[in-house]
Enquirer: 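To start, I am sharing the structure in question, which I have written as structure tokens.
What you see below is based on every heavy atom in this structure, not just the backbone, and it leaves out hydrogens, waters and symmetry mates. All residue numbers in this chain count up from 1 along the given sequence. All values reported here derive from a predicted model rather than from experimental measurement.
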Amino acid sequence: MRGPVVVVGDTLLDRDVEGVVNRLCPDSPVPVLDETAAVDRPGGAGLAAVFAAAQGAEVVLVTALADDAGGARLSALLAAAGVQVYPLALSGATPEKIRLRARGRVLLRHDRGGVSGEPGQPSDEVLRVIGAASAVLVSDYGRGVARQPALRAALAATRAPVVWDPHPRGPAAVPGVHLATPNESEVRELVPVPPGTSRLASASQGAQGLRRRWRAGAVAVTLGGDGALLCHAGSTPLVVPTPGSAEGDTCGAGDRFAAAASLALASGALVSEAVQVAVAEASAYVAGGGVAAALPPPVRPVTAGVIGPGGERVGVAAVATLLAEVRAAGGTVVATGGCFDLLHAGHVATLQAARQLGDCLIVCVNSDASVAGLKGPDRPVMSEGDRSRLLAALSCVDAVMIFDEPTPDAALSWLRPDIWVKGGDYATGGSDAATLPEAEVLRRWGGHTVVVPYLDGRSTTDMIARSGHATGACCAASQPPEPVRLSAPSTATPGRERTR
């Protein structure tokens, strides 16, 4: 592959709530589900991106993230799966789809998030990465990303093969896509055929109608457990059966099909070969247990609320409120981060300087688990709750959020700050801010990274050593040397059912 596989589309937050039903509700004849477990995962385009990343591909996801706790959770989940997120702004709330399950069966699906919000404008870096892709998958869930004019222009101009996974409420595919992958119900809705038409004839007529309407190279209609039907320019369709019977949870099978076809095209496969690979992959996915067995282990939820009395400015909820207020007023969002293990004057000087660069300052604090992973089992000296409270008490700090990963990449993808501030002794001009590890992440949405001087002679390491505690490197906000690691943790049938 000459470039990354780029997934473009709407990402949802999916949650499976497992439980047991032993009784009926006393005030109405409905089952009562006693929850035993709940698992969050990316849905929509995010799920397709996770599937592609799990195959070892370099994957970029261009999607819209809201300024709420759901958006922060999605950023963490995607980073843990090895997906590089190039975020767009999203007005409104994160769309969520919650499945209530008992004994492997879905009792009810609860959707929330309201009407679709408007995605923001893509940055120049987003348009560049689409042009450099080895393949592009448009995973449209009808919530607006596939309608964005600048994105559509970039998709029409790219020389990479484009796979378009449509939605009936979404826009038409851009002209010239290599492969469109609707399911049967989507084809019937998009291209009605006369009643009484046989199943294969209906799929074939619908596929040919879509191919001509969208000027697509080919259309593959997925047929659930019966495989897929592929229509090229010729009059005779190709039927690709499943390699064997596959029964199970088909949630996400369509996303697995589209991701597998995109990866095959990125590797140089013919469209017919890519569809055969996709049928086999989706069938194995369903037979292997579906989404519950296919995804990496879940990551710990981010701290969503405030921490104790006086912590009104701590947590994702507080940060989300601040972001909404500042952006509604057209203000500049500034952020910085680090461990802040024993707050000292060097930290305060850096934070005061950072606050002067915009209209609010958000501090991203490494969690206790993150600090221990970076600096050893004897750190941190102070808990994440105490460190966050101290920072929030400073007049120059507007809000604090805790992140659990080794780097702040996931938090940054959600925050999308206009300016990211690093503290260090760069006054001599011997360092280039463009080499800072967060600079590449900030470029994804057009943000900037800057450095401010710190007070010489102030060091967490020295303070701990003088007090007789374990030594460790000073947090990144107070000294220049070691860059924070950038990479996120690695993760090292086509029953055509999408999580609509």
Enquirer: Who pairs with Arg327 by side chain to side chain donor-acceptor pair (under 3.5 Å), at least two apart in sequence or on another chain?
Expert: Asp67

Enquirer: Is a donor from one side chain sitting under 3.5 angstrom from an acceptor on the other, for Thr63 and Thr11?
Expert: yes

Enquirer: Is the backbone N or O of Glu384 less than 3.5 Å from a side-chain atom of Ser388, with the two atoms forming a donor-acceptor pair by type?
Expert: yes

Enquirer: Show the numbers, then the answer: is there a salt bridge (charged side-chain N to carboxylate O under 4.0 Å, His left out) between Arg444 and Glu125?
Expert: CA-CA 5 Å; Arg444 296 175 186 176; Glu125 190 68 10; over 6 Å; no

Enquirer: Between Thr94 and Asp68, is a side-chain hydrogen bond (donor to acceptor under 3.5 Å, both in side chains) present by the stated rule, with each step listed?
Expert: CA-CA 7 Å; Thr94 296; Asp68 59 11; 2.6 Å; yes

Enquirer: For the residue pair Glu281 and Gln55, confirm or rule out a side-chain donor-acceptor distance under 3.5 Å.
Expert: no

Enquirer: Using only heavy-atom distances, determine whether the side chains of Asp165 and Ser139 contain a donor-acceptor pair under 3.5 Å.
Expert: no

Enquirer: Hey, what's the ring geometry for Tyr141 with His167, parallel, tilted or perpendicular (30° and 60° as the breaks)?
Expert: tilted

Enquirer: Please evaluate residues Gln148 and Glu118 with respect to the criterion side-chain hydrogen bond (donor to acceptor under 3.5 Å, both in side chains), reporting the C-alpha separation (whole Å), side-chain torsions for both, the decisive distance (0.1 Å), and the verdict.
Expert: CA-CA 9 Å; Gln148 213 288 327; Glu118 282 295 321; over 6 Å; no

Enquirer: Return yes if a side-chain donor-acceptor contact under 3.5 Å exists between Ser370 and Asp404, otherwise no.
Expert: no

Enquirer: Quick check against the 3.5 Å criterion: does Ser134 have a side-chain atom that pairs as donor or acceptor with the backbone of Gly3?
Expert: yes

Enquirer: Kindly determine whether Gln84 and Leu61 satisfy side chain to side chain contact (heavy atoms under 4.5 Å, CB included), including the steps that lead there.
Expert: CA-CA 6 Å; Gln84 302 174 40; Leu61 173 62; over 6 Å; no

Enquirer: Evaluate Lys97 against Asp14 for salt bridge (charged side-chain N to carboxylate O under 4.0 Å, His left out), listing each step before the verdict.
Expert: CA-CA 5 Å; Lys97 297 190 180 297; Asp14 286 353; over 6 Å; no

Enquirer: Apply salt bridge (charged side-chain N to carboxylate O under 4.0 Å, His left out) to Arg443 and Asp124, showing your working.
Expert: CA-CA 9 Å; Arg443 281 196 294 269; Asp124 291 341; over 6 Å; no

Enquirer: Please determine which of Asp255, Val83, Leu74 meets the side-chain contact (heavy atoms from CB on, under 4.5 Å) test together with Pro42.
Expert: Leu74

Enquirer: Nearest heavy-atom pair of His232 and Ala218: which atoms, and what distance?
Expert: CD2-CB, 4.1 Å

Enquirer: Ring centroids only, cut at 6.0 angstrom: are Phe51 and Tyr285 within range, meaning strictly under it?
Expert: yes

Enquirer: Would you call Asp226 and Arg199 a salt bridge, taking side-chain N to carboxylate O under 4.0 Å as the test?
Expert: yes

Enquirer: State whether the side chain of Asp10 and the backbone N or O of Arg143 hold a donor-acceptor pair below 3.5 Å, judged by distance alone.
Expert: yes

Enquirer: Ignoring hydrogens and geometry, is there a side-chain-to-backbone donor-acceptor pair from Trp445 to Pro417 under 3.5 Å?
Expert: yes

Enquirer: Find the distance between CD (Glu438) and CG (Leu412) and round it off to the nearest 0.5 Å.
Expert: 6.5 Å

Enquirer: Report yes or no: does Thr242 contribute a side-chain atom to a donor-acceptor pair with the main-chain N or O of Gly225 at less than 3.5 Å?
Expert: yes

